[in-house]
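Comments concern the structure below.
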Number of protein chains: 2
Amino acid sequence: MNIGEAAAGSGVSAKMIRHYEAIGLIEATRRPNGYRSYGPQDVAVLRFIRHARDLAFPLEDIRRLLALWRDRSRASADVKQMALDHVAALESKAASLQAVADSLRHLAQHCNGDDRPDCPIIAELEGIRE
Amino acid sequence: MNIGEAAAGSGVSAKMIRHYEAIGLIEATRRPNGYRSYGPQDVAVLRFIRHARDLAFPLEDIRRLLALWRDRSRASADVKQMALDHVAALESKAASLQAVADSLRHLAQHCNGDDRPDCPIIAELEGIRE
DNA sequence: CTTGACCTTCCCATACTGGGAAACACCATC
DNA sequence: GATGGTGTTTCCCAGTATGGGAAGGTCAAG
C-alpha cells in the first residue's frame, strides 16, 4: 500500500511517516515509480509508534522500545525500567507545572481584578522580593 | 552596561537577550562600536521577563504582560484574566501528563519485570485492544 | 603589540508537527 | 490522447525556547 493508506490505517500522518523515515526510526521499500510501499507489518509498527507517542514517549525512547519490541527474547524488565523512568519524568514535569499553576493562582487570588492598576501578579513579576 | 553585565544582573543569558530583541520583545540602544548598551531599567525589564518565564508564561503572553506593565493605567482585571487563563492551560497540561503517567504506571505494575519477554506494556503499544 | 575577555552576526541543533510549493505519477473519463 | 483530479515526491519554512559554536571586531591590561 502507499503512504496515504498506511497513514489512514495507522493514524500517523503521511508527513510524520516520512519524518520518521528521515530520522531513521523506520524504513520503507520503494516501488519502481519512487512511491514508498508499506505492508501490514509496517502499519503495525506505525501503530506501535503512535501508541507510544500517545503515552508521550519521546522518539528516542520509541527507538529503543521498537528495538525491544522486535527482540523476541527481550527481558520484560528492560521494558518495565524504561516505562518507569518515563513515568517518573512525566510525573516530575506534571508536578512542576502544577506547582507553577498553584503559585500563579495564589497570586491571582490576591488580585482585585478591577479597573485599578494595582496587581500583585505584576508586582511579583517586577521582582519586588528581590 | 554591556550585554554581559545586563545578563548577569538579570539572570537572562546574553543569548536570550539578543533573541528577545530579535523577536521584538525588547529593544537596545547601541554604542558607536556596535555594542548593545543597557541601563538599570532595561535590567528590570529583563528580570520581569525572567520571572514571567519562571511562571511558564509563553513569550507571546509576556509580550502582552510587558505592555500591561508599562501601562500605568492598566486594569488589574486584564492581568488577572491572563494569569487565570494561563493557570488553566498549565493545569490542563499537568493533568494530561499525569493521566498518561498513571496509565503507564498501571501497565508497568502488571509487568513482571523479569527476564521473560511477556510484557503488557509492549502489548499495549502493539495495540492489542484495537 | 599581544593576549584574553568581551562583543558582533550567522548558522545549526534540540523535539515534534504542520503548511505549502513545484514537480511527477497514476487513473478515470471524455 | 488530452484533461483533470488525486496521490506522491522532495524541499523549504513555521512554530516554542534555548543553547552551542564559528568567524571576526573591540577593548583594556600588560
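A note on names: the letters A, B, ... follow the listed sequences, proteins ahead of strands, and every chain is numbered from 1.
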Distance-only donor-acceptor hits, side chain of residues 102-111 of chain B, under 3.5 Å, sequence neighbours excluded:
| residue | atom | partner | partner atom | Å |
| --- | --- | --- | --- | --- |
| B/D102 | OD1 | B/Q98 | NE2 | 3.0 |
| B/S103 | OG | B/V100 | O | 3.1 |
| B/R105 | NH2 | A/E91 | OE1 | 2.8 |

Considering only residues two or more places apart or on different chains, which pairs with a residue in residues 73-93 of chain A satisfy ring pair (Phe, Tyr, Trp, His ring centres under 6.0 Å)?
A/F57-A/H86
Nearest-Å distance for atom pair CD/P, residues B/E60 and D/dA17:
8 Å
Going by heavy atoms closer than 4.0 Å, what residues in residues 4-20 of chain B are next to DNA chain D?
B/S13, B/K15, B/M16, B/H19, B/Y20
With distance as the sole test, does B/S10 use its side chain to make a donor-acceptor pair with the main-chain N or O of B/V43 at under 3.5 Å?
no
Pairs satisfying ring pair (Phe, Tyr, Trp, His ring centres under 6.0 Å), at least one member in residues 4-46 of chain B, at least two apart:
none
Spacing between A/N2 atom CG and C/dA25 atom C1', to the nearest angstrom:
10 Å
Just to verify, what does B/S13 make a side-chain contact (heavy atoms from CB on, under 4.5 Å) with, not counting sequence neighbours?
B/K15, B/M16
Rounded interatomic separation in angstrom, taking CD from A/E21 and P from C/dT17
16 Å
State, with a plain yes or no, whether a side-chain heavy atom of B/V45 is found less than 4.5 Å away from one of B/R70.
yes
Distance, rounded to the nearest Å, where A/L46 contributes CG and C/dT17 contributes P
13 Å
Nucleic acid contacts - residues 93-104 of chain A versus DNA chain C, non-hydrogen atoms under 4.0 Å:
none
Using only heavy-atom distances, determine whether the side chains of B/N2 and B/S37 contain a donor-acceptor pair under 3.5 Å.
no
How many whole angstroms separate atom CZ of A/R63 from atom C1' of C/dA15?
12 Å
Identify, residue by residue, the members of residues 28-44 of chain A with a heavy atom below 4.0 Å from DNA chain C, and return them in order of residue number, or none.
A/N33, A/Y35
Counterpart residues, salt bridge (charged side-chain N to carboxylate O under 4.0 Å, His left out), relative to A/R18 (two or more places apart):
none
Through what angle, rounded to 10 degrees, does the axis of the helix from C/dC1-D/dG30 to C/dC30-D/dG1 turn between its ends, using five pairs per end?
40°
Taking NZ, NE, NH1 and NH2 as the nitrogens, is one of them in B/E126 or A/R50 under 4.0 Å from a carboxylate oxygen of the other?
no
Rounded to the Å, how far apart are A/I26 CD1 and C/dC16 P?
14 Å
Between D/dT6 (P) and A/I3 (CD1): distance, integer Å
19 Å
Among all residues two or more places apart in sequence or in another chain, which pass the salt bridge (charged side-chain N to carboxylate O under 4.0 Å, His left out) test with A/D85?
none
Sequence neighbours excluded, the answer for side-chain contact (heavy atoms from CB on, under 4.5 Å) partners of A/S92 is none
Report the residues that fulfil side-chain contact (heavy atoms from CB on, under 4.5 Å) with A/D118, sequence neighbours left out, ordered by chain and then residue number.
A/R116
To the nearest Å, how far apart are B/L25 CG and D/dT16 P?
12 Å
Using modelled atom types and a 3.5 Å cut-off, is there a donor and acceptor pairing between side-chain atoms of B/D61 and backbone atoms of B/P58?
no
